[in-house]
Amino acid sequence: MLPKRRTAPRLADRLLNWFCAPHLREEVLGDLHERYALRVERLGERKARQKYWREVLAYVRPRFIKRQPSTYSYPTNTDMLRNYLKIAWRNLVSQKGYSFINITGLAVGMAVAMLIGLWIYHEYSYDKFLPNYQQLYQVKRNYNSNGDTLTFSSTSLKLADALRNEIPEIDYVAESDYIGSSHGLKVGDKKFYVNGGQIGRDFLKMFQYPLLQGEASMALNDPYSIVLTESTAKALFGNEVPMGKVVRFDNQNDLKVTGILKDLPKNSSFQFEFLVPFSYFEATASNVRMARSGSFGDNSFQIFVKLKPGVTYAQVAPKIALIEHTETNNVNAMNSVVILQPLQNWHLYSTYQNGKEAGGFIDYVRMFTIIGILVVLIACINFINLTTARSTKRAKEVGIRKAVGSQRQQLVGQFLTESFLLTFVAFLFSLLVVQLSLPAFNALINGEVSIPYARGEFWLALLSCLLITALLAGSVPAFYLSSFQPVKVLKGIMQVGKAASWPRKALVVTQFSCSIALILSAVVVFQQIRYAKNRPTGYDVNRLMMTNMNSELGANFTILKDELLRNGIAESVSQSSSPATDIWWHSDVEKWPGKNAGETIEMGTIVIAKDYFKTVGMTLAQGRVFTSENDTTSVIFNEAAMKRMRLAHPIGQLIEWQGKQLRIVGVMKDALVQSPFTRADPGMFLCRPVSLNVLLYRISPRLSTQEALTQMTALFNKYNPSYPYSYQFADVTYAAKFNLETLVGKLAGIFACLAIFISCLGLFGLASFMAERRTKEIGVRKVLGASVLNVWGLLSKEFVYLVGIAFIIASTLAYYLLSNWLQRYEYRTEMSWWIFALTGLGSLTVTLLTVSYQSIKAALLNPVKSLKSE
Amino acid sequence: MKRTFLGEFEEVVLLTVAVLGDEAYGVTITQEIEQRTGRSVGFSTVHTTLQRLAEKGYLSSEMGGATAERGGRRKRFFSVTAAGRRALQEVKQVREELWSALPPQTLQLMGG
């Protein structure tokens, strides 16, 4: 038998021992135990234990927790730390100017770094919210075009089936028309024209976007079903329950709502408002049905796959790479290698070179990481410079502390504490700055960046940044200041000679090199944007509008065109297979005079209607345009295509395209339909008497845009009642091609200005310190006859000289980096000397302005005052 | 003259210490109060009050008298100081003055 437990609960005792002040522990525990023993007798053990716990917990009050103050101070670390903090605080308050400069500089620097950090975090967070995102891939093709590898994301349905049936490592395959294409949704009299996609039935099982209603495994099973996002459902049905209701799709069929998705976050690569099963597409479009049993060459679909858990891409890569080579009679299939791109790389690695991911947005993310680090570095340099420059002021303190018995490491500790305090204050300010500037920043980057206050990682990251910054800023002054020899310092013979100012000068040069290089980069980025914007496009985007066609609009095209022209709303109306600012179809010319064996051309192919060239404003170089929509045996090329095909006298020559003989009747001047930064692509124009994809119309200059829009809305509502009137301005679409460059330019510009600002703050501090230290010297010089100008020159010279060196370093560095950056553009600006000259002049001016305030103040000082000594 | 201020519970604790004489420490004081007043009293409350009274100078204390139930820990014995006795006197006097000022009818109504 076990002996009866008579002792009080151990855990409770331990708890009490932990929180109770040591000088009270004995009596408290003793009393508790004695009473416990009594209670065990009286109430039994169980109740006594309960009461014991309650009593112990009742002791949690300040009176018992508070430790007894010692009668004499014992020098523990906290005591000295408190002293350090006190001294640091007094220094902070007594030297208001320097503190302000230090804190502002650090706060701005840290705010910049934090913004950049948050932004990068946002960029990296793309698509990571999807469960199992590591197993999701998009299928792409590496196409061998005369030795060059081009990577396409358009694939065939035959490939989708091949992957589904022949590769056991693949869990699911989903094929799609194109996620992000626009379609008409209509409920009652509410009609919308929104982005969505027609997608394989397993899609929601692969990409598990949160479903509010419906089931991922069921929602896309029936061909006549549709899944809507929450806000689209709300727009269509208001407050009614949307599930099971019917949506008219493209004014053709009624689809039943089978699922409601939560709205997609901004950090999702896919942006769609609805999903329709791909089986619907097949059921309603005969050409899609045919494509299923077609060849690997029918590349006009997207494919997404999910690998089985535990399977890596490396394991399946060899199996799928040559899957298309079974179709030996198809040149396109035989030249294609199938690859996969993991979902987590979609957003950041968008460009391919030689069949491999070659960067994309990630380059800018890296660039801004470096900028962020540079800005913090610049702010740290301010701190280092100002503290070491003022070292003589604190030399006495160091001397006395050492004489009294301070160890060097204790002094290092002291100065590090100071830098921690300062950094912490700056950090609080920077948090405020970031919080306040986030809306503007979000508007600039068109993102959804926010401070994740609730996340532990965020605070951990901040804390480590704080630590690093404080150490970076504080370590140099700490080691420098603590190295003073007390004897020399206290005797007053400490000479801070030329040698001591060298590191400081080097740091100033570093600071300004970084700032000037940033400024140069921003200027060159803007220069490049302006250069490309001013480039002649070969057509006229002004007042040119585009509307996607649909069957109803196609049927009423002629009458609508007639009305638009008759009412003087539009100057010219036409339609084509691609919008004016893009090419949706590339095809191969099979034969042309002088073609080498096996040579292929990726020819941008645009099918056009009458008046197309007149509407978009392209000019004819030679030959003629199409006579009518029925001129189907003629073809028109652009000059780039002629150069590519090496045809010196093209008019009247015969070519073969998709098995048909076509006669070249004309050559158009090149037009920049796609990227404004590259050469014009070779292109061909065909004409067909059918309804095409995009309606193009140029509104009349006699009408204001607003008037024209009102009249056109009425006309479109009359002739295309099933869809809301939607349109795009070609000039806006064209300008959007510069979005990335403009964003990079703006961000670089803002950060460059902030960097210069911080650098100048530091310079201002240094200059004021120099002026202060040389007060006596200046006084003597003035007595001996120096003019204000002399003194100003004397004080400013040094800094101008430093900035000059920095400028030389910065321009060499920037020239090298920027010419690398420019290499990525085929059409690029020259970095002319005057950009550098102007930037140099600008930074010198800013430097002089910064320094002059202090130097002129010093120069104007009455020597009587500065030389008087009491 | 500085008025002595004693809270109701403080007064009870101080009196109990006086009643217990040499045997006044945490456990006995708490038990005595519980027995005499019939109300259940928390240990920590008594302890806090004892400390407060000691701070005010009404109580003095010393350590001693370890026993086995206490795990060999000493007790803190409390005794009432001269100031404490004066304070108790003052309180008693105030009470008595108030009682004697009570009109006889009221006294009768209260069952006195």
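Lettering of chains follows the sequences in order, A, B, ..., and the numbering in each one begins at 1.
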message: How about CD on A/Gln409, more than 12 heavy atoms from neighbouring residues, nucleotides or ligands closer than 6.0 Å, or not?
response: no

- prompt: Is it true that B/Arg73 and A/Asp31 make a salt bridge, defined as a side-chain N closer than 4.0 Å to a carboxylate O?
  reply: no

statement: Cut-off 4.5 Å, heavy atoms of chain B, and the answer for A/Arg61 is side chain

Non-hydrogen side-chain atoms of B/Ser44 and A/Glu55 separated by less than 4.5 Å: no

query: Would you find more than 12 non-hydrogen atoms of other residues, nucleotides or ligands less than 6.0 Å from A/Phe19 atom CZ?
result: yes

query: Under 6.0 Å from the CH2 atom of A/Trp89, do we count more than 12 heavy atoms belonging to anything else shown?
result: no

- request: Give a yes or no on this: more than 12 heavy atoms of other residues, nucleotides or ligands lie within 6.0 Å of atom CZ of B/Arg39.
  value: yes

query: Side chain, backbone, both or neither: which part of B/Thr45 has an atom under 4.5 Å from a heavy atom of chain A?
result: both

Atom CZ of A/Phe429 with >12 non-hydrogen neighbours under 6.0 angstrom: no

message: Surrounding CZ of A/Arg63 (heavy atoms of other residues, nucleotides or ligands, distance under 6.0 Å), is the total greater than 12?
response: yes

query: In Å and rounded to the nearest 0.5 Å, what is the NE2 to CG distance from B/His47 to A/Leu32?
result: 9.0 Å

query: Does the distance from a Lys or Arg side-chain N to an Asp or Glu carboxylate O, for B/Arg70 and A/Glu26, drop under 4.0 Å?
result: no

field: A/Arg408 atom CZ: more than 12 heavy-atom contacts under 6.0 Å
entry: yes

- prompt: Is it the backbone or the side chain of A/Val60 that comes under 4.5 Å from a heavy atom of chain B, or both, or neither?
  reply: neither

message: Quick check for you: to the nearest 0.5 Å, what is the distance between A/Phe64 atom CZ and B/Gln51 atom CD?
response: 4.5 Å

field: Stepwise side chain to side chain contact (heavy atoms under 4.5 Å, CB included) check, A/Val56 with B/Phe43
entry: CA-CA 9 Å; A/Val56 166; B/Phe43 233 26; over 6 Å; no

- request: Nearest 0.5 Å please: distance from the CD atom of A/Glu34 over to the OG1 atom of B/Thr28.
  value: 7.5 Å

Atom pair OG (B/Ser61) and CD (A/Glu27), whose distance is rounded to the nearest 0.5 Å: 7.5 Å

task: Can you tell which part of A/Leu38 gets under 4.5 Å to a heavy atom of chain B, answering side chain, backbone, both or neither?
output: side chain

field: Short N-O contact, B/Glu34 and A/Arg35, less than 4.0 angstrom
entry: yes

field: Neighbour count above 12 (heavy atom, 6.0 Å) for A/Phe129 CZ
entry: yes

